[in-house]
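Side-chain atoms are counted along with the backbone in the values below, which use heavy atoms only and exclude waters and symmetry mates. Please read all numbers here as calculations on a predicted model, not as lab measurements. Residue numbering restarts at 1 for every chain, and letters A, B, ... go by the order of the sequence lines.
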Number of protein chains: 2
Amino acid sequence: MKLSKKSDYALRAMIYLSANYQKGAVQIKEISAKEKIPQKFLENILLTLRKVGILNSKMGLRGGYELARSPDLITLGQVIRALDGAIAPVDCVSQMSYKPCSEEVTCVIRSVMMEIRNAIADVLDKMTFADMCKRAADSLEKSERKALTYTI
Amino acid sequence: MKLSKKSDYALRAMIYLSANYQKGAVQIKEISAKEKIPQKFLENILLTLRKVGILNSKMGLRGGYELARSPDLITLGQVIRALDGAIAPVDCVSQMSYKPCSEEVTCVIRSVMMEIRNAIADVLDKMTFADMCKRAADSLEKSERKALTYTI
DNA sequence: ACTAACTCTATCATGTTGATAGACTTTTAA
DNA sequence: TTAAAAGTCTATCAACATGATAGAGTTAGT
């Protein structure tokens with residue numbers, strides 16, 4: 001039950017790219033520096049996201065990466081699945097890498113794991129990067145207001 | 001986001017022990033055979049569960065393992081935490097192995113992971129092994145009725 | 001005392017994770 | 001037209017986790 005560093009980095013990079021959606025291509029180097037992600041590691045991550053069609057890239061001087069579509073059309077689930085694979089805790093309840101278990105029909109562990117899978121998917125597949133940016137703005141504002149209150 | 005084989009085996013063994021709760025100590029060998037779990041591997045698992053107080057053991061001839069308390073007082077969460085550790089997808093939202101992340105207050109990834117942790121915990125900490133036995137009985141009955149229907 | 005059972009520690013092969021290296025290709029702008 | 005800046009691709013690595021096995025102990029019922 002663990003989010004890999006890879007997916008964590010990917011989410012951070014995606015939030016960064018979402019916040020800069022209108023500004024055109026952003027370079028790996030910039031994301032790497034701002035989000036403190038090892039550059040070479042980030043290269044692989046972004047490459048993967050490009051291959052699944054979440055990002056577009058421009059090669060050459062002044063190249064970079066940008067979202068392939070609007071942030072409200074990309075969910076956390078899409079990104080995590082691209083990097084970590086299936087979200088389900090066991091394969092027999094996975095949409096992505098389904099493998100039947102021996103006693104499918106009566107297996108009670110399976111039924112509980114299905115509940116968990118659905119609960120996770122419910123969060124990750126509904127949450128878009130537009131939502132994430134909004135949340136970030138909200139919580140920043142809130143913490144600034146708080147800081148202001150304290151300094152009075 | 002993956003349940004380890006260890007936890008999976010543990011859950012199966014616990015369900016088996018719950019179903020045999022009134023019958024006194026059950027031997028590793030029996031559980032291993034019935035649930036098709038490598039015996040030596042199972043030894044380690046049961047030992048761990050004993051150390052955290054979920055199981056009691058009797059040594060010597062006619063020894064074995066049994067639940068330390070009634071099945072309705074043991075949750076799946078307790079067992080999985082004993083074997084796999086924290087349930088939370090990232091440490092900064094974990095009750096069990098909490099480690100602060102740098103930007104705790106404003107981190108939006110954290111807030112989403114907290115939602116997921118809570119959703120998972122909500123399932124695992126409410127579901128007891130008594131519930132599991134009931135489910136098993138229900139689904140067995142259902143599949144038998146179904147089989148009957150088919151054979152008419 | 002014999003034996004069936006749990007206890008404990010060590011070991012092992014395999015795979016995954018997080019990270020790095022370097023050679024290659026594409027594009028732009030001077 | 002060429003140098004520099006950017007992405008592309010493949011290989012490699014150390015460290016760790018996982019799933020499993022081995023074997024020498026210890027305990028207790030008969």
Is the distance from OP1 or OP2 of [N] to the nearest side-chain N or O of [X] less than 4.0 Å?
X	N	value
S57(B)	dT7(C)	yes
Y9(A)	dA19(C)	yes
R50(B)	dC6(C)	no

request  = State, to 0.1 Å, how close Y9(A) and P38(A) come at their nearest heavy-atom pair, and which atoms those are.
outcome  =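 Here Y9(A) and P38(A) meet closest at OH-CD, 3.9 Å.
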Between [N] atom [atom2] and [X] atom [atom1], what is the distance in whole Å?
X	N	atom1	atom2	result
K5(B)	dT16(C)	NZ	P	14 Å
L47(A)	dA19(C)	CG	P	18 Å
Y65(B)	dC6(C)	OH	P	7 Å
L49(B)	dC6(C)	CG	C1'	14 Å
N56(A)	dT8(D)	CG	P	10 Å
R62(A)	dA6(D)	CZ	C1'	11 Å
L61(A)	dA30(C)	CG	P	9 Å
L17(B)	dC6(C)	CG	P	11 Å

key: Residue among L11(A), I74(A), I15(A) satisfying side chain to side chain contact (heavy atoms under 4.5 Å, CB included) with M132(A)   =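 The passing option is I15(A).
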request  = Could you tell me whether K5(A) and D84(A) make a salt bridge, using a distance below 4.0 angstrom between a side-chain N and a carboxylate O?
outcome  =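 Here K5(A) does not pair with D84(A) in a salt bridge, since their nearest N and O are not under 4.0 Å apart.
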query = Do L67(B) and N56(B) have side-chain heavy atoms sitting under 4.5 Å apart?
reply =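 In short, these two side chains do not touch, never coming nearer than 4.5 Å.
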Flag side-chain contact, heavy atom, 4.5 Å: F129(B) against V79(B) =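 In contact.
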inquiry  = Please give me every residue in residues 26-45 of chain B whose heavy atoms get under 4.0 Å of an atom in DNA chain D, ordered by residue number.
reply    =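 Contacts with DNA chain D under 4.0 Å: P38(B), K40(B), F41(B), N44(B).
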inquiry  = Over all strands shown, is K51(A) touching base, sugar-phosphate only, or nothing at heavy-atom distances under 4.0 angstrom?
reply    =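 The residue K51(A) makes sugar-phosphate contact but no base contact.
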task = On DNA chain C, check which nucleotide each of K58(A) and S7(A) is closest to and give me the residue with the more 5' one.
result =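 Nearer the 5' end of the strand: S7(A).
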inquiry  = Would S94(A) and R117(A) count as a side chain to side chain donor-acceptor pair (under 3.5 Å) here? Give the steps.
reply    = CA-CA 8 Å; S94(A) 173; R117(A) 189 216 86 92; over 6 Å; no
Side chains of Y65(B) and Q27(B), donor plus acceptor under 3.5 Å =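 Their side chains do not contain a donor-acceptor pair, so the 3.5 Å distance test is not met.
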